[in-house]
Amino acid sequence: MIVALTPNLSLDRTMTLDRSLVPGQLHRVTGLTVAAGGKGVNLARAVRAFGGQSCVAGVVGGFNGQHFRALLEAEGLGSVLEDGEGETRECQALLSGGDPGERGHPTEINEAGPPYQPEAVARLLPRLPQGQVVVCGSLAPNTPGTAFLDMLRGLDRPAVDSSGAGLEAAVQAGASLIKPNEHELEALTGSGTLDSARELYGRSGVQVLLTRGAHGAALIGEEVWEVEAPQIEVKNPVGSGDTLLGTFLWARQGGQSMPDALRLAVAAGSANAMLGGPLKFRVEVARELAAQTRLLTPA
Ligand SMILES: O=P(O)(O)OC[C@@]1(O)O[C@H](CO)[C@@H](O)[C@@H]1O
């Protein structure tokens, strides 16, 4: 079981525009998908797609919260949710339509979400099922650093996919693994390189799953493994990191070796981007792409 504890759940709205985004101009929406979102939801989807057991945990509120619950239930994703104050946030991803050559990376506009609610979180944590907990995504606004640190310490070495203060707390709390991208690692240690991830592991014992976008990923722990991603045409990369991490944790929990798990995880992230996001992800495509990944000799 993989428990995706998501401190700031959302309703994800993915819009396809009639042309490339030009700030200050009118755009028509030619396609719209509304789905339960937040990084943990994407991660739980990937685990479930591989046949694993996953559960989304978090606090929801308001009409968006009801909508979130209904969408998650319609997808049949397991969850432990607490009702809280305020309105669950919305995250918008704008995909440019028109000529593929002009599409570029989607524009993402993420609301902050309702403030941290200690009572709801205190009700939620004892309800988490047994399993590998992974803390996913941004923190609720005004989350006190000490409260987040205490939460992580109470979770028995969770994996953490957060950024900024969330990542710092993960290292301090002795998380089992963190999943920064190169920018997030740089913000944490001053450099986004393998060497700085090695140094981080050496002083903290926290494994680093370093994602490098289209280039692949590296796992830095007792050993170092690097995997180059396959060449693909990207439709929508949103959620690729979540799919990668969910696949990695699922594969490791199922006993796959570190390099095999990393290859499948990188391929799953690529499949997510190629197929058009977490709702379109398919494991057969991930398995096919895994054969096209390249395991590099650790430097
Ligand atoms: O605002 P956060 O919590 O950092 O990220 C939220 C989010 O942008 O991440 C996912 C993609 O990784 C989206 O589905 C989602 O809503």
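If you read the sequence from its start, that first residue is 1, and numbering goes on from there. As the structure is a prediction and not an experimental result, all values here were calculated from the model.
- In this structure, Pro158 and Leu152 have side chains that are in contact, with non-hydrogen atoms separated by less than 4.5 Å.
- Judged purely by atom type and a 3.5 angstrom limit, Glu87 uses its side chain to pair as donor or acceptor with the backbone of Asn64.
- A 4.5 Å side-chain heavy-atom check between Thr33 and Arg13 finds every atom pair outside the cut-off.
- A single hydrophobic cluster is seen to contain both Met15 and Val34, as judged by linkage of ILVMFWY side chains at heavy-atom distances under 4.5 Å, directly or through other members.
- No side-chain heavy atom of Val59 sits under 4.5 Å from any side-chain heavy atom of Leu81.
- When hydrophobic clusters are built by joining Ile, Leu, Val, Met, Phe, Trp and Tyr residues whose side-chain heavy atoms come closer than 4.5 Å, directly or via intermediates, Val41 is grouped together with Leu32.
- Here the side chains of Leu5 and Leu124 are in contact, with some heavy-atom distance below 4.5 Å.
- A salt bridge is absent between Glu184 and Lys179: the closest approach of a Lys/Arg side-chain nitrogen to an acidic carboxylate oxygen does not fall below 4.0 angstrom.
- Under the 4.5 Å side-chain criterion, counting only non-hydrogen atoms from C-beta, Leu17 is not in contact with Thr30.
- Without hydrogens or angle criteria, His27 side chain to Val22 main chain gives a donor-acceptor distance under 3.5 Å.
- Remark: side-chain polar atoms of Arg157 are paired, donor with acceptor, to backbone N or O of Gly174 under 3.5 angstrom.
- With hydrophobic clusters built from ILVMFWY side chains whose heavy atoms lie under 4.5 angstrom apart, Leu249 shares a cluster with Met258.
- Under the side chain to side chain donor-acceptor pair (under 3.5 Å) criterion, Ser163 pairs with no residue, sequence neighbours left out.
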Derivation of the side-chain contact (heavy atoms from CB on, under 4.5 Å) call for Tyr116 and Leu139: CA-CA 8 Å; Tyr116 175 66; Leu139 307 185; over 6 Å; no
Side chain to side chain donor-acceptor pair (under 3.5 Å) between Ser191 and Thr189, intermediate numbers included: CA-CA 6 Å; Ser191 153; Thr189 65; 5.2 Å; no
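- Here the side chain of Asn8 pairs a donor or acceptor atom with the backbone of Ala112 at under 3.5 angstrom.
- The pair Arg212-Glu226 meets the salt-bridge criterion, with a side-chain N (NZ, NE, NH1 or NH2) lying under 4.0 Å from an Asp/Glu carboxylate O.
- Side-chain N or O atoms of Asn272 include one that pairs as donor or acceptor with a backbone N or O of Val238 at under 3.5 Å.
- For the atom pair CG of Leu289 and CZ of Arg263, the computed distance is 11.5 Å after rounding to the nearest 0.5 Å.
- Closest approach of Arg287 and Trp250 over heavy atoms only: NH2-CH2, 3.9 Å.
- Closest approach of Ala170 to Val206, counting heavy atoms only: O-CG2, 4.5 Å.
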CA sep, side-chain torsions, deciding dist, call: Val56, Leu9, side-chain contact (heavy atoms from CB on, under 4.5 Å): CA-CA 9 Å; Val56 174; Leu9 290 165; 4.0 Å; yes
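- His105 has its side chain within reach of Pro237: a pair of non-hydrogen atoms, C-beta onward, lies under 4.5 Å apart.
- Although no hydrogens or angles enter the test, the distance criterion places a donor-acceptor pair under 3.5 Å between the side chain of Ser162 and the main chain of Gly137.
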Take Met274 and Val234 through the test side-chain contact (heavy atoms from CB on, under 4.5 Å) and record every step on the way to the result. CA-CA 5 Å; Met274 187 175 104; Val234 175; over 6 Å; no
I would like to know whether Leu219 and Phe248 meet side-chain contact (heavy atoms from CB on, under 4.5 Å); could you show each step before the answer? CA-CA 10 Å; Leu219 193 282; Phe248 180 79; 4.0 Å; yes
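- Hydrophobic cluster membership is shared by Leu128 and Val160, with clusters built from Ile, Leu, Val, Met, Phe, Trp and Tyr side chains linked at under 4.5 angstrom.
- Partner Leu155 forms a side-chain contact (heavy atoms from CB on, under 4.5 Å) with one of Val3, Val135, Asp150 and no other, that one being Val135.
- Considering all non-hydrogen atoms of both residues, Val60 and Gly65 come closest at CB-CA, 3.9 Å.
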What do the steps show when you test Gln92 against Glu90 for side chain to side chain donor-acceptor pair (under 3.5 Å), and what is the final call? CA-CA 6 Å; Gln92 324 277 341; Glu90 292 183 14; 3.2 Å; yes
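- Linking Ile, Leu, Val, Met, Phe, Trp and Tyr residues whenever their side-chain heavy atoms come within less than 4.5 Å places Val283 and Leu262 in a single cluster.
- A donor and an acceptor atom, one from each side chain of Arg19 and Gln25, are located under 3.5 Å apart.
- At a cut-off of 3.5 Å, with distance as the only test, no side-chain donor of Arg89 or Ser10 sits close to an acceptor on the other residue.
- Between atom OG1 of residue Thr107 and atom CG of residue Leu21 there is a gap of 4.5 Å, rounded to the nearest 0.5 Å.
- Judged by distance alone, the side chain of Ser54 and the main-chain N or O of Ala44 form a donor-acceptor pair under 3.5 Å.
- In plain terms, the two heavy atoms of Arg69 and Asp83 that are nearest each other are NH2-OD1, 3.2 Å.
- Arg123 CZ: more than 12 foreign heavy atoms inside a 6.0 Å radius.
- Listed for the Thr293 side chain is no donor-acceptor partner under 3.5 Å among the backbone atoms of Pro230.
- Put simply, the side chain of Leu295 reaches to within 4.5 Å of the side chain of Pro259, judged on heavy atoms.
- Other residues, nucleotides and ligands contribute at most 12 non-hydrogen atoms within 6.0 Å of the CD atom of Glu85.
- For CZ of Arg28, the number of neighbouring non-hydrogen atoms (other residues, nucleotides, ligands) closer than 6.0 Å is 12 at most.
- The distance from atom CG of Leu95 to atom OG of Ser20, rounded to the nearest 0.5 Å, is 11.5 Å.
- From Glu75, atom CD reaches atom CZ of Arg45 across 4.0 Å, with rounding to the nearest 0.5 Å.
- Listed for the Gln253 side chain is a donor-acceptor partner under 3.5 Å among the backbone atoms of Met1.
- Without hydrogens or angle criteria, Thr247 side chain to Thr243 main chain gives a donor-acceptor distance under 3.5 Å.
- Heavy-atom neighbours of Glu222 CD from other residues, nucleotides or ligands within 6.0 Å: at or below the threshold of 12.
- Looking only at side-chain heavy atoms (C-beta outward), Glu199 and Tyr201 stay at 4.5 Å or farther from each other.
- For the atom pair CD1 of Ile178 and CG of Leu245, the computed distance is 11.5 Å after rounding to the nearest 0.5 Å.
- In terms of heavy atoms, Phe281 sits closest to Phe50 at CZ-CE1, 3.8 Å.
- Closest non-hydrogen pair, Leu43 versus Ala4, comes out as CD2-CB, 4.2 Å.
- Separating the CG atom in Leu71 from the CG atom in Leu11 is a distance of 6.5 Å, to the nearest 0.5 Å.
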